[in-house]
Structure formats: structure tokens, C-alpha cells
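This report refers to the structure that appears directly beneath it.
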Amino acid sequence: MAGVSAASTAGKIGSFLSKRPYAPPSWASHLSPAPSQTFSLGHFPTPIHKWNLPNLPNGTEVWIKRDDISGMQLSGNKVRKLEFLMADAVAQGADCVITVGGIQSNHCRATAVAAKYINLDCYLILRTSKLLVDKDPGLVGNLLVERLVGAHIDLVSKEEYGKIGSVALADLLKKKLLEEGRKPYVIPVGGSNSLGTWGYIEAIREIEHQIQISGDVQFDDIVVACGSGGTIAGLALGSKLSSLKAKVHAFSVCDDPGYFHSYVQDLIDGLHSDLRSHDLVNIENAKGLGYAMNTAEELKFVKDIATATGIVLDPVYSGKAAYGMLKDMGANPAKWEGRKILFVHTGGLLGLYDKVDELSSLSGSWRRMDLEESVPRKDGTGKMF
């Protein structure tokens with residue numbers, strides 16, 4: 001299996017950032033078009049461990065797939081898609097990539113880093129508020145990494161984005177770059193096209209192998225956040241076709257479930273599968289106040305889960321998905337009782353830095369250490385410089 005061999009050679013010097021041939025899992029060999037190569041950009045397999053969440057229904061177990069630690073600058077779910085998309089960009093002779101997202105887009109940050117890893121320039125079209133579109137976007141969170149690695153940033157207002165759309169905006173920038181003699185490759189929002197979907201089809205093979213070598217865990221359900229559709233398309237399609245057969249539950253953090261069912265169907269159709277998205281994945285609305293906006297209750301939830309379990313969730317994606325999952329467990333415990341659930345943590349922790357002001361009142365306490373005046377000096381093993 002390609003996924004297994006990739007994992008087994010991960011420690012080999014020079015394997016990281018290398019391009020290698022790709023062969024789909026046997027159960028996905030009928031899907032077309034299938035990628036022929038991939039770049040090694042992430043640290044896989046990511047671990048799966050038990051997540052001791054409080055107040056679960058009777059007999060319910062939640063395990064967590066840690067795609068938040070698939071790298072550092074390149075952490076999260078986007079790297080799995082970019083392994084295929086960047087290989088295609090290079091195969092097509094591109095010298096730069098273009099992608100689009102929100103002002104704190106994890107996908108845009110991951111794309112900027114991945115591009116530099118393989119010596120491509122990166123152009124980002126970032127959506128922000130009308131009040132900030134003519135101002136320096138600053139260096140908070142994902143923006144800091146993007147600007148450190150030299151990404152070219154074009155700002156558009158939310159109104160302009162809504163009127164023109166991501167595809168037309170990317171095409172406009174592509175036309176300008178072509179006129180300058182560049183060779184741009186456009187990556188869609190979230191890396192979510194049929195090629196990017198292979199990232200999470202491959203992730204299912206990884207999970208399948210982790211289950212096989214563990215022997216004692218089978219999952220009834222997979223729970224994940226949904227922001228652009230590619231991750232849930234790959235997970236749902238892979239789970240159905242593989243031996244996993246887990247039910248996929250997605251919590252949408254921006255558009256409504258109807259939109260995502262339609263979009264996921266387009267991705268599945270793009271791989272020439274006759275399956276229906278409504279049969280593969282259950283999508284529930286978890287956007288709350290809106291994309292990248294949080295209630296005080298949602299932020300308190302992120303803080304409480306971190307304090308209780310040590311797992312830090314991002315407030316935009318996995319935080320809302322976990323909040324939605326536990327809320328549903330509280331309202332419908334019978335639906336979840338006795339089930340083993342795999343929650344996929346899709347990363348995005350840099351987005352927390354954009355919420356510092358809102359989180360300050362929730363964060364842990366501190367105090368000045370109380371020292372007695374006559375405490376004698378006692379040197380330890382270290383030295384102060």
C-alpha cells in the first residue's frame with residue numbers, strides 16, 4: 001500500500017519534501033482521474049488516541065485523529081490536499097500558485113509554506129472587512145507566517161468577494177500574472193476540488209492501516225468540521241469504499257448543509273463515482289454567528305476542553321465541530337450511546353491568536369510569586385546568562 005510505504009519511509013533522510021509515485025488504495029482504484037504522483041509535505045501517519053471528554057453518553061468513546069500535528073507551519077488538514085495539488089502544479093510547469101481565503105485562512109497559510117518548500121512563489125487573495133481592506137493586515141496568526149515566507153497578498157472586501165466570487169478573482173489575478181510572463185497554477189478555496197479530495201481518501205487508508213495494526217479498535221462514526229467540502233468528501237467516500245464503513249458526521253462552519261451536500265456531490269461526480277453525498281455524510285449547521293465568529297459560550301468551550309483534556313481546539317473549525325458534537329450528544333444521547341467515535345482535529349491553532357482579546361477574560365490565572373525576604377540562594381544545575 002502506498003500509504004503504508006510512505007509511513008514506513010518517513011524517517012529516511014531526504015524523504016520529506018520529495019516527490020514520489022502514487023498508487024490509489026485498491027478499493028479506490030476505480031475512481032478517476034487518479035493522481036499519479038504526490039509530494040511528501042506532512043508528517044504522517046498522525047496519531048490516534050483516546051480523548052477523555054467530560055459528560056459523554058453511556059458507553060460512548062471518543063478518539064481523536066491528530067491532524068493538527070501534521071507539521072508546524074504546515075499543520076492541519078490542508079497539507080493532505082496540498083500533497084496532491086502541489087505535485088500537479090509542478091507537473092504542469094507552474095512557477096507560482098494562486099489561492100483564495102479569509103484573512104485568517106489556514107489553507108492560505110499552508111499553501112504559502114508548501115509553495116516555498118518546493119520553490120514556487122505564492123499569491124494569496126484574502127477576504128477582509130470593508131473597513132480594513134485599505135489597511136496593512138498586520139502580523140497576527142496565519143498572516144505572520146504568510147508574510148514571513150514572502151507570500152504576495154492582495155486584499156478584497158467581503159462585499160467584493162461576494163459580488164465577484166473566488167473563481168473570478170483567481171482568474172483575474174491569473175490573467176495579470178500570465179501577462180507578466182509567469183506560469184500560475186490556481187488552487188481553489190480550501191484546496192477543495194476532486195484532486196484535493198484524494199488527500200482524505202488517502203487519510204482513510206492511513207486510518208484503516210492504524211486500525212489493522214492496533215487490532216482492538218473499530219470506529220462507528222467519524223466527526224469533523226466542514227469549511228470548504230474537500231475533507232468531508234474524501235472521508236465520506238473513503239469510509240464507504242474501504243473496510244472502515246464508519247458513518248461520517250460533518251459540522252459546517254460557514255455555508256448551510258444544503259450547499260455542502262451539493263458541493264460534495266460535485267466533487268464525488270468529478271471522480272466518476274455513482275455514490276450520493278446524502279448517503280455518505282450527515283451535515284449539520286454549526287456556524288453560529290457566522291464564519292470565524294464566535295459566541296462567548298463557544299470560546300469558553302474551547303478553554304474548558306483545553307483545561308480538561310489538554311487538547312487545544314481552534315475556534316473556527318474543530319472548536320465549532322466539537323461544540324456541535326457534544327451539544328448533540330447532550331440533546332440526543334441515545335443516538336450516540338455505546339458508539340466509538342473518531343474525531344478528526346483539522347488544526348488551525350494559529351487562528352487562536354486572532355481571538356486573544358476575546359479569550360483574555362477566560363485564560364488561566366497568574367500571580368506574582370510570594371518570596372520571603374531571607375530565602376538563601378541555592379544554585380541548581382543550570383546557569384543564568
Gln92 versus Asp88, side-chain donor and acceptor atoms under 3.5 Å
yes

Tell me yes or no: between the side chains of Tyr323 and Glu297, is some donor less than 3.5 Å from an acceptor?
yes

Would a single hydrophobic cluster contain both Met325 and Ile232, if residues Ile, Leu, Val, Met, Phe, Trp and Tyr are joined by side-chain heavy-atom contacts under 4.5 Å?
no

So do His261 and Ile283 actually touch side chain to side chain, heavy atoms under 4.5 Å?
yes

How about Thr111 and Lys78: do any of their side-chain heavy atoms sit closer than 4.5 Å?
no

Is there a side chain to side chain donor-acceptor pair (under 3.5 Å) between Glu208 and Ser243? Walk through the geometry before answering.
CA-CA 7 Å; Glu208 194 178 42; Ser243 63; 2.6 Å; yes

In sequence, state the C-alpha distance, the side-chain angles, and the governing distance for Tyr317 and His345, and then conclude on ring pair (Phe, Tyr, Trp, His ring centres under 6.0 Å).
CA-CA 9 Å; Tyr317 295 96; His345 190 332; over 10 Å; no

Pair listing, side-chain hydrogen bond (donor to acceptor under 3.5 Å, both in side chains) test, anchored in residues 164-174, at least two apart
none

Are the charged groups of Arg339 and Asp221 less than 4.0 angstrom apart, N to O?
yes

Tell me if a side-chain donor or acceptor on Lys303 pairs with a main-chain N or O of Leu359 at a distance below 3.5 Å.
no

Considering only heavy atoms from C-beta outward, does the side chain of Val356 approach that of Glu358 to under 4.5 Å?
no

Would you check if Val344 and Val223 make a side-chain contact, meaning some heavy-atom pair closer than 4.5 Å?
no

Assess the residue pair Glu160 and Ser157 against the criterion (side chain to side chain donor-acceptor pair (under 3.5 Å)); give the C-alpha distance rounded to whole Å, side-chain angles, the decisive distance to 0.1 Å, and a yes or no.
CA-CA 5 Å; Glu160 291 166 335; Ser157 70; 3.3 Å; yes

Does the pair Phe39 and Phe84 meet the rule for a ring pair (Phe, Tyr, Trp, His ring centres under 6.0 Å), with working shown?
CA-CA 7 Å; Phe39 258 109; Phe84 293 97; over 10 Å; no

Test side-chain contact (heavy atoms from CB on, under 4.5 Å) on Glu298 and Lys320; report intermediate values, then the result.
CA-CA 7 Å; Glu298 287 168 348; Lys320 285 191 174 182; 3.6 Å; yes

pair Trp198-Leu271: side-chain heavy atoms closer than 4.5 Å
yes

Is there a donor-acceptor contact under 3.5 Å linking the side chains of Asp67 and Thr46?
yes

Do the side-chain N and O atoms of His107 and Thr99 include a donor-acceptor pair separated by under 3.5 angstrom?
yes

Within the structure provided, determine whether Asp220 and Leu342 are in side-chain contact (heavy-atom separation under 4.5 Å).
no

Side-chain contact test, heavy atoms from C-beta onward, threshold under 4.5 Å: evaluate it for Ile222 versus Ile204 and give yes or no.
yes

Can you tell whether the side chains of Glu180 and Lys175 come within less than 4.0 Å, N to carboxylate O?
no

Are the side chain of Tyr263 and the backbone N or O of Ser192 linked by a donor-acceptor pair below 3.5 Å?
yes

Any luck finding a side-chain donor-acceptor pair between Gln210 and Lys65 under 3.5 Å?
yes

Under 4.5 Å between any side-chain heavy atoms of Glu202 and Thr197, yes or no?
no

Side chains of Thr231 and Asn77: any donor to acceptor distance under 3.5 Å?
yes

Taking atom types as modelled and ignoring hydrogens, do the side chains of Glu284 and Ser252 form a donor-acceptor contact shorter than 3.5 angstrom?
no

Could you check whether Lys355 and Asn294, counting side-chain N and O atoms only, form a donor-acceptor pair closer than 3.5 Å?
yes

Lys NZ or Arg CZ of Arg66 over Phe343 ring: under 6.0 Å, within 45°:
no

